[in-house]
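Predicted, not measured: the structure shown is a model, and the values here were computed from it.
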Amino acid sequence: MAPAPMNVSAYVPAFRDQLADLRILVVGDLMLDRYLWGRVTRISPEAPVPIVDVEARDNRPGGAANVALNIAGLGAQVSLAGTVGQDDEGEILLHLLEDAGFATELILRTHPRPTTTKTRVIGNNQQILRVDREVRDPLPDADRAQLYAQITAQIGDCDAIIFEDYDKGVLTPELIGQLTERARAQAIPTVVDPKYRNFLAYRGVTVFKPNLKELNEALSLRLDKADLEGIRRAIGELRDKMPHHGTLITLSENGVLAVDEHLRAHHVPAHYRKIADVSGAGDTVVALMGIAMARKIPLAEAAAIANLAGGLVCEEVGVVPINKARLLEEMQDL
């Protein structure tokens with residue numbers, strides 16, 4: 001399958017000058033990303049593990065919040081919906097979001113459910129360890145009903161909705177069904193970054209964006225990222241199980257494969273990068289797809305822009321949003 005020809009540079013003005021009036025709703029699993037940065041110079045005498053001499057600490061918004069940061073960094077407006085715990089980590093995350101300019105009225109405080117927190121230990125600019133604190137159980141019915149009520153008060157003002165699902169329990173089949181039904185009724189584009197538990201719950205969405213591992217797990221397949229025709233056929237099988245309009249499969253160093261509503265496939269190869277850390281690349285890709293669908297950019301061109309952005313953030317250590325100036329510069333050259 002040959003790469004799809006496209007003119008990405010034609011959309012530079014849309015991303016440079018025409019996003020301020022867009023409003024994107026991001027719904028999903030909010031996280032606090034914590035970092036311990038340091039140097040490794042020796043191995044522990046207690047176990048065969050490196051000792052990191054910590055030199056700096058950092059807290060960043062993660063998960064669905066990182067998707068929102070990517071969107072805001074490109075100049076669009078963002079509403080962010082999800083939950084945080086009634087704990088110190090929740091307070092830190094809310095303050096980070098408020099400092100970044102986000103309204104937090106759609107974020108529900110829950111108890112005893114904690115704030116999902118990922119702590120990454122970075123030694124010599126490489127991730128050595130990640131420690132997670134979380135509850136993955138589905139959100140209780142009362143919390144789900146309250147979150148849905150809060151979201152529906154603003155859903156009519158949105159130009160697109162992004163579902164950022166990390167299998168942490170905020171996006172239940174009931175909430176997904178309620179929100180996608182409302183979106184279809186109001187002709188609002190929907191973009192999904194799925195995980196395994198709710199993989200088949202997103203009937204009728206505009207763009208469904210799993211990676212190849214998630215597609216293989218959902219359909220009990222073992223497709224290789226180079227088997228583009230096999231992946232296209234698998235997407236046809238997925239559409240039989242869960243109808244939706246467009247599919248974007250991320251293929252790591254093999255780029256992305258976009259398959260439109262007529263099952264026509266468009267392969268976008270990866271750009272050569274000096275990869276430092278792939279954390280957060282999926283957040284960037286889905287953020288760009290949400291903006292592109294709100295701007296009614298065709299799927300193939302949207303995939304090329306999102307693929308470019310996802311590669312750029314992989315050059316940075318840790319979860320970081322896309323740099324708008326760099327994205328526009330590279331879009332100009334395509």
Heavy-atom closest pair, residues Leu106 and Gln150: CD2-O, 3.2 Å
Hydrophobic clusters join Ile, Leu, Val, Met, Phe, Trp and Tyr when side-chain heavy atoms are under 4.5 Å apart, directly or via other members; which others share one with Leu36? Val40, Val52, Val54, Val121, Ile128, Leu129, Val131
Can you see which heavy atom on Pro189 is nearest to which on Ala187, and at what distance? CD-O, 3.7 Å
Quick check: closest heavy atoms across Val78 and Val26, and the distance to 0.1 Å? CG1-CG2, 4.0 Å
Applying side chain to side chain contact (heavy atoms under 4.5 Å, CB included) between Leu327 and each of Val12, Thr284, Leu288, Val313, report the one that passes. Leu288
Hey, which of Lys209, Glu261, Arg239 is the one that makes side-chain hydrogen bond (donor to acceptor under 3.5 Å, both in side chains) with Thr247? Arg239
Do the non-hydrogen side-chain atoms of Arg232 and Ile235 ever get within less than 4.5 Å of each other? no
At their closest point, which heavy atom of Phe163 faces which heavy atom of Thr190, and how far apart are they? CE1-CG2, 3.9 Å
Rounded to the nearest 0.5 Å, what separates atom CD1 in Ile249 from atom CG in Leu228? 11.0 Å
Check whether Tyr196 and Val286 end up in the same hydrophobic cluster, where Ile, Leu, Val, Met, Phe, Trp and Tyr are linked by side-chain heavy atoms less than 4.5 Å apart. no
Within a 6.0 Å radius of atom CZ on Arg184, are there more than 12 heavy atoms belonging to other residues, nucleotides or ligands? yes
Which side-chain hydrogen bond (donor to acceptor under 3.5 Å, both in side chains) pairs, counting each pair once, include a residue from residues 38-50, with sequence neighbours left out? Arg39-Glu55
Euclidean distance, Leu299 CG relative to Arg264 CZ, rounded to 0.5 Å: 10.0 Å
Is the His244 ring parallel, tilted or perpendicular to the Phe208 ring (thresholds 30°, 60°)? tilted
Determine whether Val135 and Val84 fall in the same hydrophobic cluster, where Ile, Leu, Val, Met, Phe, Trp and Tyr are linked whenever their side-chain heavy atoms lie under 4.5 Å apart. no
Which residues share a side-chain hydrogen bond (donor to acceptor under 3.5 Å, both in side chains) with Arg109, sequence neighbours left out: Glu91
Measuring from atom CG of Asp143 to atom CG of Leu139, what distance do you get when rounded to the nearest 0.5 angstrom? 4.5 Å
